[in-house]
Asker: 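First the structure, which I've put down as structure tokens, then a few questions once you've had a look.
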Amino acid sequence: MFRPKIPTMPQPTGHITPPAIVQPTAVIPSTQPPPPAPAPAPARPTVQLTPGTALALVGGGTAVVLVIGAVLVSLLLAVAITAASLAVCALVIRSILASDTRS
């Protein structure tokens, strides 16, 4: 089941033709003129940054940075709270086990 099955190539049957012989031909340069150059693409309109759009871009970027920062800080805070609660649980369990062995 886990062993690969290698296909076997059957023996060729029938008439085998030898490869065809290709005769080289001479290259004759043409005297036609080169094709005309393509027309230039129409110019795209440039984006105009007005003070209002620049202010909107700065405000949007600031909002994105603040949201990402808040998410990362909240994740870090969640990890810190979990670690502190695990440490407290470990101390309580250690204290309970130590008091059982003394009495």
Side-chain angles (χ1 to χ4, degrees):
M1 180 173 145
F2 294 109
R3 292 186 181 166
K5 295 179 181 175
I6 301 172
T8 58
M9 183 173 171
Q11 295 296 325
T13 58
H15 182 65
I16 300 174
T17 59
I21 299 173
V22 179
Q23 297 292 335
T25 57
V27 177
I28 302 171
S30 67
T31 58
Q32 296 175 351
R44 292 176 24 181
T46 57
V47 177
Q48 298 293 329
L49 282 180
T50 62
T53 56
L55 188 62
L57 286 175
V58 169
T62 304
V64 167
V65 167
L66 288 177
V67 167
I68 291 175
V71 168
L72 292 177
V73 167
S74 64
L75 286 173
L76 182 64
L77 186 62
V79 169
I81 291 172
T82 304
S85 59
L86 281 176
V88 169
C89 289
L91 287 176
V92 169
I93 291 172
R94 181 177 168 193
S95 173
I96 291 172
L97 292 176
S99 66
D100 283 347
T101 57
R102 277 189 260 159
S103 50

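Just so we're clear, the structure is a prediction, and the values are computed from it rather than from any experiment.
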Asker: Check for a donor-acceptor pair, side chain of S95 on one end and backbone N or O of L91 on the other, with a separation under 3.5 Å.
Answerer: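 It does not hold such a pair.
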Asker: Got a second to check how far I81's CD1 is from L86's CG, nearest 0.5 Å?
Answerer: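 So the CD1 of I81 and the CG of L86 are separated by 12.0 Å.
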Asker: Does a side-chain heavy-atom distance below 4.5 Å link L72 with L76?
Answerer: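 In short, these two side chains do not touch, never coming nearer than 4.5 Å.
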Asker: Would you say that V79 contacts L75 through its side chain, given a criterion of any heavy-atom pair below 4.5 Å between the two side chains?
Answerer: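 A side-chain contact under 4.5 Å is absent here.
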Asker: Could you tell me which residues satisfy side-chain hydrogen bond (donor to acceptor under 3.5 Å, both in side chains) with T50, sequence neighbours excluded, listed by chain and number?
Answerer: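 Scan of T50 (side-chain hydrogen bond (donor to acceptor under 3.5 Å, both in side chains), adjacent residues dropped) gives T53.
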